[in-house]
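Below: one structure, written as structure tokens.
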Amino acid sequence: MTVTAGARSFHEPVMVDEIAEVFAPVGGGWFVDATLGGGGHAEMLLRQHPERRLLGIDRDPEAIAAAQERLAPFGDRVTFRCERFDLLGELVDTAGAGPIAGVLFDFGVSSRQLDSGERGFSHRHDAPLDMRMDARSGPDAGFVVNTYELAELRDLLKRHAGERYAHRIAVAIVAARPLHTTRELADTVKAAVPAAARRARRHPAMRTFAAIRIEVNDELNLIEPAMRAALARLRPRGRLATLAYHSGEDSIVKIILREAADGVCECPSTLPCICGAAPAVRLLRRKVTRPGAAEVEQNPRAASAVMRAAERLEPALR
């Protein structure tokens with residue numbers, strides 16, 4: 001298959017071989033790529049088995065357009081939806097795609113979004129403060145930077161990015177308002193941190209940009225409802241895989257999968273269990289899987305990726 005330049009540049013799919021290994025035993029049926037991007041993972045899933053159909057979800061219209069080009073040879077085996085992935089349950093039900101054979105979540109921002117200077121995701125380009133994955137709606141990064149109280153800015157930098165100099169950066173941003181461009185924001189952050197941090201290999205504004213992007217797109221709050229909807233719609237022996245690049249993302253995934261694997265009982269500990277709690281999934285790997293050295297060398301943005309995977313169990317007999 002010929003991959004268009006637009007699809008190729010949108011996203012370099014991460015850990016494709018590992019994802020393929022997770023889903024190989026599943027066979028045919030409906031799959032959901034909840035974070036479609038340029039369609040790299042989706043292409044692999046469709047090629048892996050001829051009787052697979054795929055529901056591809058992405059909130060970014062540019063991603064949908066790139067994926068449509070890449071996946072055009074698969075024809076009506078692919079259904080596209082330009083929506084947030086926390087609507088997964090509703091989208092699956094409306095498409096008549098349940099029960100699902102497999103679900104993939106590839107969290108975070110794509111290479112194309114980072115490299116598109118006009119989108120405002122990166123400190124490397126001078127652009128308006130936007131950072132919205134769906135530029136059609138919602139407050140942008142300029143709203144966060146210029147209207148949040150100092151304490152709100154400090155707390156989101158700590159919460160979303162673990163920023164060591166969160167208070168100093170927040171004070172500097174408030175003092176420099178109004179800020180209109182990514183260059184202004186990056187320069188403000190750089191001036192706020194100690195000299196040693198300014199000399200570090202990574203630009204000192206990287207964490208600030210990531211934290212603001214997560215806030216603008218409400219990224220962390222979308223994960224739990226989407227994953228719970230996916231697990232509820234997985235068929236027995238269906239599988240779910242996640243790729244996370246941020247500790248906040250992976251922490252949410254870990255908690256949800258561990259609860260599903262443990263079958264958490266809600267009954268009082270002093271009484272017999274009557275809630276019917278039982279494990280819903282088995283974890284395919286107790287520890288996360290990371291990309292190999294060769295992949296990281298070829299695609300440095302894969303370095304922080306961690307993969308988790310689980311398989312839906314047969315319903316317990318009562």
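A salt bridge links D134 with R136; the closest basic N to acidic carboxylate O contact falls under 4.0 Å. Salt bridge K158/E163: absent, no basic N to carboxylate O contact under 4.0 Å.
By the neighbour-count criterion of 12 heavy atoms within 6.0 Å, atom CZ of R164 is sparsely surrounded, having that number or fewer from other residues, nucleotides or ligands. Atom CD of Q298 has 12 or fewer heavy atoms from other residues, nucleotides or ligands within 6.0 Å.
Considering every non-hydrogen atom in both A197 and V193, the closest pair reads CB-CG2, 3.8 Å.
Proximity of a side-chain donor or acceptor of H203 to a complementary backbone N or O of A205 within less than 3.5 Å is detected. At distances below 3.5 Å, at least one donor-acceptor pair connects side-chain atoms of H41 with backbone N or O atoms of V14. With hydrogens and angles ignored, the 3.5 Å screen pairs no side-chain donor or acceptor of T181 with any backbone N or O of P128. The closest donor-acceptor contact from the side chain of E219 to the backbone of E215 lies at 3.5 Å or more, if one exists at all. A donor-acceptor pair is defined here as one N or O able to donate and one able to accept, closer than 3.5 Å; no such pair exists between the side chain of R198 and the backbone of P204. In this structure, the side chain of R52 does not engage the main chain of A101 through any donor-acceptor pair within 3.5 Å.
Considering T242, D250, V253 in turn, V253 is the only one that fulfils the side-chain contact (heavy atoms from CB on, under 4.5 Å) rule with I223.
With hydrophobic clusters built from ILVMFWY side chains whose heavy atoms lie under 4.5 angstrom apart, V103 shares a cluster with I57. Linking ILVMFWY side-chain heavy atoms closer than 4.5 Å, directly or via other members, places F80 and M44 in a single hydrophobic cluster.
Taken from CD1 in I100 to CZ in R235, the straight-line distance is 10.5 Å, to the nearest 0.5 Å. Between the CZ atom in R119 and the CE atom in M133 there is a gap of 9.0 Å [rounded to 0.5 Å].
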Given the rule in the side-chain contact (heavy atoms from CB on, under 4.5 Å) test, do I255 and E224 qualify, once you have shown the distances and angles that lead to the verdict? CA-CA 10 Å; I255 290 170; E224 181 173 357; over 6 Å; no

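Looking at F105 and L240, their side chains come closer than 4.5 Å, going by heavy atoms from C-beta outward.
Grouping Ile, Leu, Val, Met, Phe, Trp and Tyr residues whose side-chain heavy atoms lie under 4.5 Å apart, directly or via other members, places V306 in a hydrophobic cluster with V288.
Residues satisfying the side chain to side chain donor-acceptor pair (under 3.5 Å) criterion with N146, sequence neighbours excluded, are absent altogether.
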Check: residues 81-96 side-chain donor-acceptor pairs under 3.5 Å, at least two apart:
| unit_1 | atom_1 | unit_2 | atom_2 | d |
| --- | --- | --- | --- | --- |
| R84 | NE | D86 | OD1 | 3.1 |
| R84 | NH2 | D86 | OD2 | 2.8 |
| D93 | OD1 | R233 | NE | 3.0 |
| D93 | OD2 | R233 | NH2 | 2.9 |
| T94 | OG1 | E90 | O | 2.8 |

